[in-house]
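In what follows, a structure is listed as structure tokens, so that the remarks can point back to it.
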Amino acid sequence: MKFNKNLENIKTYEAGKPIELVVREYGIEPKDIVKLASNENPYGTSPKVIEAVSAIVSKMALYPDDSMIKLKKALSARFDVKDENIIIGSGSDQVIEFLIHAKAHTGSKILMNSITFAMYEIYAKHVGAEVIRTSSQEHNLDEFYELYKKEKPEIIFICTPNNPTGDALDADKIYDFLGKIDSDTLVVIDAAYLEYAIAKDVKKKIDAKALIEQFDNVIYLGTFSKAYGLGGMRVGYGLADSKIIKELYKLRPPFNITTLSLEAASVALGDEEFVKKSVTLNFEQMKRYEEFAKEQKIDIINSYTNFVTLCLNSSQNSTKISTQLLQKGMIVRDLSSYNMNAIRVTIGTDEQNSRFFKLVTQFL
Ligand SMILES: *Cc1c(COP(=O)(O)O)cnc(C)c1O
């Protein structure tokens with residue numbers, strides 16, 4: 001059977017290995033498995049969210065509220081924007097899918113960092129768009145601008161903090177860059193980890209309202225999967241000028257967010273204490289990784305988020321080490337598919353991190 005030609009060159013996205021798979025493949029008990037591979041919140045979910053969701057589980061028979069009024073209200077209060085500036089997706093992943101389908105087509109160019117979130121490229125290929133990448137590992141906005149002038153891309157992706165490297169851009173540099181981009185080029189600011197970055201350095205803070213008021217060609221993406229502890233509920237959002245949101249709505253399937261997910265995200269937004277505590281603990285634990293890297297004489301990228309990237313020495317092999325870790329029930333992310341001899345480790349709880357240090361020391 002012949003399929004859409006655009007799919008030929010797509011490698012299926014390699015999600016962090018689920019615990020269930022490690023149980024089956026290696027016969028390890030679930031309680032002995034530590035998953036530090038997908039940047040989920042190791043402190044779980046706000047108890048307020050769990051209580052609220054438990055209270056409505058019996059509502060499963062009916063379709064969800066497709067106007068998403070409760071979550072939209074909570075988001076518009078949080079960001080001080082209007083309903084018409086918001087789209088909600090099944091993860092911000094789905095919003096990325098919508099915006100690429102809305103703006104790009106066969107032959108379009110999409111500009112992104114040399115190393116960045118893998119889903120941008122996958123959705124770009126769906127529509128037959130060409131991916132243009134910068135050369136430097138960190139976002140270099142001068143290089144972005146040079147490529148923008150040369151290639152005239154339809155869409156530009158900026159991921160801050162960047163996944164899988166953890167570095168982040170100063171907001172004023174992003175604003176300067178946006179000021180030089182014509183209004184027909186869609187610029188995506190993927191802020192999946194911004195709740196972490198702003199706690200470490202206020203210069204990384206992007207004001208979504210000011211951003212979308214000043215630039216009608218920019219969309220700001222956020223997610224509940226990371227700091228909010230709702231990775232299993234699949235909720236993300238995009239904030240932009242209403243003209244952009246209106247187009248994205250044409251691509252949205254009805255009822256794309258479940259009743260339980262809508263409730264979870266709405267309540268999560270109201271429990272800032274939970275997020276704050278998670279973020280504080282994250283940076284406390286990050287210090288241990290920095291010390292560990294120093295002791296082991298391996299490079300660590302200065303991280304503004306909830307994971308660290310350990311760049312191994314040439315005598316060490318990231319694929320081999322992550323496989324050895326996996327056999328012991330420790331799931332981390334090998335970055336060899338990004339052409340890096342590095343592993344990305346989600347910063348876990350105190351106990352999970354101790355376990356990681358102990359195990360990885362045997363293999364380094
Ligand atoms: C996790 C992540 C997302 C989106 O995750 P969803 O779970 O789909 O909301 C988007 N961008 C980056 C860079 C991420 O790491």
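Remember, predicted model here, so these are calculated numbers, not experimental data. We count ligands from 1, going down the list as the structure has it; atoms in each ligand are counted the same way.
In this structure, F224 has no heavy atom closer than 4.0 Å to ligand 1.
For ligand 1, the atoms sitting less than 4.0 Å from at least one non-hydrogen atom of S225 are 6 (P), 7 (O), 9 (O), numbered in the order shown with element in parentheses. The ligand atoms of ligand 1 that sit less than 4.0 angstrom from a heavy atom of C159 are 13 (C). Less than 4.0 angstrom separates some heavy atom of G91 from each of these atoms of ligand 1: 6 (P), 8 (O), 9 (O). Listed by atom number, the atoms of ligand 1 under 4.0 Å from N163 heavy atoms are 13 (C), 14 (C), 15 (O). Under a 4.0 Å criterion applied to the non-hydrogen atoms of R234, ligand 1 contributes the atoms 6 (P), 7 (O), 8 (O). Applying the 4.0 Å criterion to heavy atoms of D93 picks out, from ligand 1, the atoms 8 (O).
Judged purely by atom type and a 3.5 angstrom limit, T185 has no side-chain atom pairing as donor or acceptor with the backbone of I181.
Any N or O atom pair closer than 3.5 Å counts here, and S92 shares at least one such pair with ligand 1.
Within 6.0 Å of atom NZ in K152, more than 12 heavy atoms from other residues, nucleotides or ligands are found, so the atom counts as buried in its surroundings. Counting heavy-atom neighbours within 6.0 Å of K180 NZ, excluding the residue itself, gives a total above 12.
Using the six-membered ring where Trp is involved, F79 and Y237 have ring planes that are tilted, between 30° and 60° apart. Taking the six-membered ring where tryptophan is involved, the planes of Y63 and F255 are essentially parallel, since the angle between them stays under 30° and well short of 60°.
The ring of Y120 has its center closer than 6.0 angstrom to the ring center of F117.
Between N256 and Q94, the side chains place a donor N or O and an acceptor N or O closer than 3.5 Å (distance only, hydrogens not considered).
When only non-hydrogen protein atoms are considered, atom 15 (O) of ligand 1 lies nearest to Y193 OH, 2.7 Å.
Distances from atom 12 (C) of ligand 1 to the heavy atoms of D190, I96, N39 put D190 nearest. The option from E40, K226, Q94 that lies nearest to atom 5 (O) of ligand 1, judged by heavy atoms, is K226.
With respect to R252 and D66, a salt bridge is recorded, a charged nitrogen being found less than 4.0 Å from a carboxylate O.
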